[in-house]
K.L.:
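Please see the structure below; I have some questions.
Naming convention: chains lettered A, B, ... in sequence-line order (proteins, then strands); numbering from 1 in each chain. Note that the structure is a prediction, hence the values are computed from the model and not measured. Scope of the values below: all heavy atoms of this structure, side chains included, with no hydrogens, waters or symmetry mates.
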Number of protein chains: 2
Amino acid sequence: MATEVDTEITHLKNQLAQRHLKLTRQREIVLDAFLKNDHITAEALYQQIAKTNAHLGLATIYRTLNLLCELGIGQERHFGDNKTTFDNVLHKKHHDHLICYKCGKIVEFECSEIEKLQEEMADKHGFILQNHKLELYGYCKDIENCEKSITTPTPAVGVPTS
Amino acid sequence: MATEVDTEITHLKNQLAQRHLKLTRQREIVLDAFLKNDHITAEALYQQIAKTNAHLGLATIYRTLNLLCELGIGQERHFGDNKTTFDNVLHKKHHDHLICYKCGKIVEFECSEIEKLQEEMADKHGFILQNHKLELYGYCKDIENCEKSITTPTPAVGVPTS
DNA sequence: ATGATATTGATAATGAAAATCAAAGTCGAA
DNA sequence: TTCGACTTTGATTTTCATTATCAATATCAT
């Protein structure tokens with residue numbers, strides 16, 4: 001069954017082999033859990049994995065997440081709070097984020113036109129584009145379902161007092 | 001003379017007054033130094049200010065930079081390394097960044113078409129757009145002037161071993 | 001000028017992420 | 001399959017950027 005994950009495992013295995021690194025049980029577990037979560041922190045992944053696989057060290061989580069980033073499977077994000085979140089970028093196409101300052105909601109979107117313009121800008125400035133991060137910050141129009149702050153709201157940047 | 005800075009000081013003063021905050025000598029000094037630098041870290045700003053104004057505490061730098069962000073004068077950035085950099089966004093129009101993985105060079109650019117598409121995307125997803133961050137990562141085409149790594153290179157995300 | 005309130009500075013505290021290192025696991029070659 | 005060189009893990013400590021603390025000081029509306 002788990003074809004999705006198997007594909008990733010194979011990919012990971014190949015990537016590791018290329019670099020003379022080893023496929024360990026821990027790396028499989030972390031990859032598996034990582035693929036099931038979006039914008040997750042190392043600590044949160046640690047907690048989650050701990051439920052079924054006791055004693056997979058936090059250090060290993062950090063190491064593996066960094067490894068996944070180096071292999072192009074994951075990407076680091078900083079959404080205003082002080083914790084780094086990790087995001088799967090391999091099988092989901094380049095996707096960008098909308099973040100609500102008030103309730104912390106994160107919506108993903110894609111825009112091929114923007115992607116295209118990014119390529120143009122990189123080219124124009126003498127860069128070979130490999131990757132990008134686009135984050136749009138603002139507020140939900142639907143105030144009803146927003147008001148209740150989920151997380152500590154990021155201080156509104158560039159927003160006049162009103 | 002220093003009209004540029006004076007304008008900012010006035011702006012800052014107004015913003016502070018609105019919030020019942022006070023315009024202190026330290027805040028003026030930090031604002032002044034901040035406006036003369038791009039992508040600067042709190043620590044670097046501290047060092048720089050120390051040359052002419054001894055004993056302006058590091059904590060004050062942090063506090064003031066965070067304040068400037070809240071007032072919409074500055075914006076935090078995370079360019080791969082572990083230090084937060086601060087960026088002036090008030091009088092320079094929204095500008096985005098190209099970052100070279102190898103040499104760490106940062107180039108600023110503007111693209112009104114992208115900005116426009118961003119507005120559209122936000123609107124489409126029920127967001128009122130306030131702000132954005134766009135970072136393009138890649139490599140300099142001009143390898144000659146790139147090779148020498150200035151800073152610790154960020155591990156290449158999403159780049160296959162080649 | 002005064003006093004209520006905000007700010008500073010020096011330092012300690014916090015906490016996310018990285019470093020350490022002995023013990024254990026992985027995997028290619030024999 | 002076994003061996004052994006090499007990598008990884010886990011538990012912990014360490015690092016260090018950023019924040020909190022709090023007494024002393026500065027600001028500003030009145």
K.L.:
Taking only the side-chain nitrogens and oxygens of B/T24, find out if one of them lies under 4.0 Å from OP1 or OP2 of C/dA6.
P.N.:
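Looking at the OP1 and OP2 atoms of C/dA6, neither is under 4.0 Å from any side-chain N or O of B/T24.
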K.L.:
Among B/R25, B/Q26, B/Q48, find the residue that satisfies the side-chain contact (heavy atoms from CB on, under 4.5 Å) test when tested with B/N53.
P.N.:
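Checked B/R25, B/Q26, B/Q48 against B/N53; only one passes side-chain contact (heavy atoms from CB on, under 4.5 Å): B/R25.
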K.L.:
Should B/Q26 be listed as having a side-chain N or O under 4.0 Å from OP1 or OP2 of D/dA26?
P.N.:
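Indeed not, no polar side-chain atom of B/Q26 lies that close.
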K.L.:
If I take atom CG in residue B/L56 and atom P in nucleotide C/dT11, what distance separates them, rounded to the nearest angstrom?
P.N.:
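It works out to 15 Å between those atoms.
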K.L.:
For A/L23 and C/dC27, what is the distance between atoms CG and C1' respectively, to the nearest whole Å?
P.N.:
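Atom-to-atom, A/L23 to C/dC27, this comes out as 11 Å.
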K.L.:
So do B/L68 and B/L12 actually touch side chain to side chain, heavy atoms under 4.5 Å?
P.N.:
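In short, these two side chains touch, coming nearer than 4.5 Å.
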K.L.:
Round to a whole Å and report the spacing from CD1 of A/I29 to P of D/dT9.
P.N.:
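Between P of D/dT9 and CD1 of A/I29: 10 Å.
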K.L.:
What integer distance in Å separates A/L16:CG from C/dC27:P?
P.N.:
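Result: 9 Å.
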K.L.:
Enter the inter-axis angle for the ends of the helix from C/dA1-D/dT30 to C/dA30-D/dT1 (five pairs per end, rounded to 10°).
P.N.:
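Terminal axis comparison yields 40°.
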K.L.:
Without decimals, in angstroms, what is the distance between B/R25 CZ and D/dT25 C1'?
P.N.:
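From B/R25 CZ to D/dT25 C1': 15 Å.
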K.L.:
Is B/L134 close to B/E115 at the side-chain level, that is, under 4.5 Å between some pair of heavy atoms?
P.N.:
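Not touching, per the 4.5 Å side-chain cut-off.
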K.L.:
Do B/L16 and B/L71 have side-chain heavy atoms sitting under 4.5 Å apart?
P.N.:
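Yes. Closest side-chain heavy atoms under 4.5 Å.
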K.L.:
Judged by atom type as modelled, is there a donor-acceptor pair below 3.5 Å linking the side chain of A/K133 to the main-chain atoms of A/E76?
P.N.:
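Yes: the side chain of A/K133 pairs with the backbone of A/E76.
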K.L.:
Tell me every residue that passes salt bridge (Lys or Arg N to Asp or Glu O under 4.0 Å) with B/R63, counting only those two or more places apart in sequence or in another chain.
P.N.:
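Salt bridge (Lys or Arg N to Asp or Glu O under 4.0 Å) list for B/R63, sorted by chain: empty.
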K.L.:
To the nearest Å, give me how far apart CD (A/E28) and P (C/dG25) are.
P.N.:
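Rounded to whole Å, this separation is 16 Å.
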K.L.:
If you restrict it to nitrogen or oxygen atoms, what contacts under 3.5 Å exist between nucleotides 3-6 of chain D and the protein, and what is each distance?
P.N.:
residue : atom : partner : partner atom : Å
D/dC6   : O2   : A/K22   : NZ           : 2.7

K.L.:
Only counting residues at least two apart or in another chain, list the ones meeting salt bridge (Lys or Arg N to Asp or Glu O under 4.0 Å) with A/R27.
P.N.:
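Checked A/R27 against salt bridge (Lys or Arg N to Asp or Glu O under 4.0 Å); zero matches.
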K.L.:
Ignoring the backbone of A/T60, work out which of C/dA6, D/dT9, C/dG9 is nearest its side chain.
P.N.:
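When the side chain of A/T60 is considered, D/dT9 is the closest of C/dA6, D/dT9, C/dG9.
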K.L.:
In whole Å, I'd like the distance from the CG atom of B/L12 to the P atom of C/dA6.
P.N.:
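So the CG-P distance, B/L12 to C/dA6, works out to 17 Å.
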K.L.:
Is the A/H39 ring parallel, tilted or perpendicular to the A/F79 ring (thresholds 30°, 60°)?
P.N.:
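Taking A/F79 first and then A/H39, their aromatic rings stand perpendicular (interplane angle over 60°).
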K.L.:
Would you mind writing out the side-chain donor-acceptor pairs for residues 121-129 of chain A within the sub-3.5 Å range, not counting sequence neighbours?
P.N.:
residue : atom : partner : partner atom : Å
A/D123  : OD1  : B/K141  : NZ           : 2.6

K.L.:
Only one of A/L65, A/L31, A/V89 passes side-chain contact (heavy atoms from CB on, under 4.5 Å) with A/I73; say which it is.
P.N.:
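The passing option is A/L31.
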K.L.:
Over how many whole Å does the gap from A/Y46 atom OH to D/dT9 atom C1' extend?
P.N.:
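Rounding to the nearest Å, OH of A/Y46 and C1' of D/dT9 are 13 Å apart.
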K.L.:
Produce a footprint string for nucleotides 18-23 of chain D: one letter per nucleotide, 5' end first; B if the base is under 4.0 Å from any protein heavy atom, S if only the sugar-phosphate is, - if neither.
P.N.:
SBBB--
K.L.:
Roughly how far, to the nearest 0.5 Å, is the CZ atom of B/F109 from the CG atom of B/D96?
P.N.:
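Rounded to the nearest 0.5 Å, the CG-CZ separation comes out at 4.5 Å.
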